There are 2 protein chains.
Amino acid sequence: MSSADDAKLKQAREDFVAQWGALGTHWGINRTMAQIHALLMTEPEAIGTDEVMERLQISRGNAHTNLKELVSWGLIRTIVKKGERREFFEAEKDVWKIFTIVARERRRREIDPALGVLHQCLDDSRGIDTPEGRAFHEQMSKLAEFVGFASNVADRVSGMKYGIALQLAARLLS
Amino acid sequence: MSSADDAKLKQAREDFVAQWGALGTHWGINRTMAQIHALLMTEPEAIGTDEVMERLQISRGNAHTNLKELVSWGLIRTIVKKGERREFFEAEKDVWKIFTIVARERRRREIDPALGVLHQCLDDSRGIDTPEGRAFHEQMSKLAEFVGFASNVADRVSGMKYGIALQLAARLLS
DNA sequence: CCGAAGTTTCAGTAAATACTGAAAATATGA
DNA sequence: TCATATTTTCAGTATTTACTGAAACTTCGG
């Protein structure tokens, strides 16, 4: 009975899109962007802007902006179909690739600016010759060292081949 | 010339607080909470609500809410001074402890709910007997497996002693 | 070069989130 | 117990962020 299965799938997919969208919020990603990503991750075929608008009930501007943002992240890519004038989009479905993309983007947007602030404060407080000044400098120094270190580690991990990362992680969990 | 040093320190500290607050935004943490945390991280003495209000120019309600939130995260703790009726607050200053607290909190708020959604979709799509249904189920399965795995790894790492983590990371960067 | 199809931009508006300030509740000690 | 210091709550407001819809722009076939 395929029509019942179709209905169940439609429902499950809609749930996934809606809930993944809600989650996006906690990830510093706006709802629509997360929803489009969810929609495309569970869509076997590449689809166009109008279908995204219709499936998610959003405006053209909104769909456009977020599709382009996803492309700029590298989480989806544009497809040109022969004989078709408009653009279609399909998602990267490999989980490790998704992870590395998100990790890199978050490092760029969250860690790198923090390092910048810390290094500047480190400079600004260099040579302040009071007990409080030295304590401040010391704290900045510790923070900068740790954040820089973490940034390198994250970079290294997200540059690994999946197999290697898996091996490493397995050792960690054993 | 200590008064010049004092001025420089005051400036550097204010910059740090302001900029760290701005960064908080990109971390899903509100500006005030990040600013209070920054203020307390660079303050040698525990300070009270009124001083926080004054230093950051914010209302009592705002200060109160965010101080309590920071306490609930474990990033700051309350101090009772003898002979004083009001509460004082001091920050956790150890960078590794800060990291593990933030990592755990983010796992709880970002990863665990995602796992919940994925497992539910996994159930809802079990046994849908169409090609599309199987593809959907397969994608959910891969996502759930990876996210669960990542969650365990994060948990394990943030439960480590700093020395061990450092050793591991050093091996990674070599 | 023209007209249709498709894409991009953006001013205005809606929704979500954070903050204020004052009132209510609670704790302290005389 | 009462007066006072302190903490907590929350309705109203301000700020920030996201979305709409339509106009401007671009692309392409004829």
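These numbers were taken from a predicted model, which means no experiment stands behind them. Reckoned from all heavy atoms, side chains included, excluding hydrogens, waters and symmetry mates.
OP1 or OP2 of dT8(C) has at least one side-chain nitrogen or oxygen of His64(A) nearer than 4.0 Å.
Distance check, rounded to the nearest 0.5 Å: NE2 of His37(B) to CD of Glu92(B) gives 8.0 Å.
The CG-P distance, from Asp50(A) to dA5(C), rounds to 12 Å in whole Å. We find that CG of Leu67(A) is positioned 14 Å from C1' of dG6(C), with the value rounded to whole Å. Note: CD (Glu87(B)) to P (dT26(C)) measures 16 Å, nearest angstrom. Rounded to whole angstrom, the span from the CD atom of Glu69(B) across to the C1' atom of dT9(D) amounts to 15 Å. Remark: C1' of dT28(C) and CD of Glu84(B) are 13 Å apart, rounded to the nearest angstrom.
Fit an axis to the five pairs at each end of the helix from dC1(C)-dG30(D) to dA30(C)-dT1(D) and the two axes sit 20° apart, to the nearest 10 degrees.
Remark: the Asn62(A) side chain and the Thr32(A) side chain contain an N/O donor-acceptor pair separated by less than 3.5 Å.
The shortest distance between side-chain heavy atoms of Ile36(A) and Leu75(A) does not fall below 4.5 Å.
A chain of hydrophobic side-chain contacts below 4.5 Å, direct or via other Ile, Leu, Val, Met, Phe, Trp or Tyr residues, connects Leu115(A) to Val117(A).
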In the 5'-to-3' direction, what one-character label does each nucleotide of nucleotides 15-23 of chain C receive under the scheme B = base within less than 4.0 Å of a protein heavy atom, S = sugar-phosphate only, - = no such atom? -SSSSBB--
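Ion pairing between Arg86(A) and Glu51(A) fails under the 4.0 Å rule for side-chain N and carboxylate O. Taking a cutoff of 4.0 Å between a charged side-chain nitrogen and a carboxylate oxygen, Lys142(B) and Glu138(B) qualify as a salt bridge. With respect to the salt-bridge test (charged N to carboxylate O, under 4.0 angstrom), the residues Glu14(B) and Arg55(B) do not qualify.
Across all strands, Arg85(B) comes closer than 4.0 Å to base atoms (heavy-atom distances).
Using bins of under 30°, 30° to 60° and over 60° for the plane-to-plane angle, the ring pair Tyr162(A)/Phe146(B) lands in the tilted bin.
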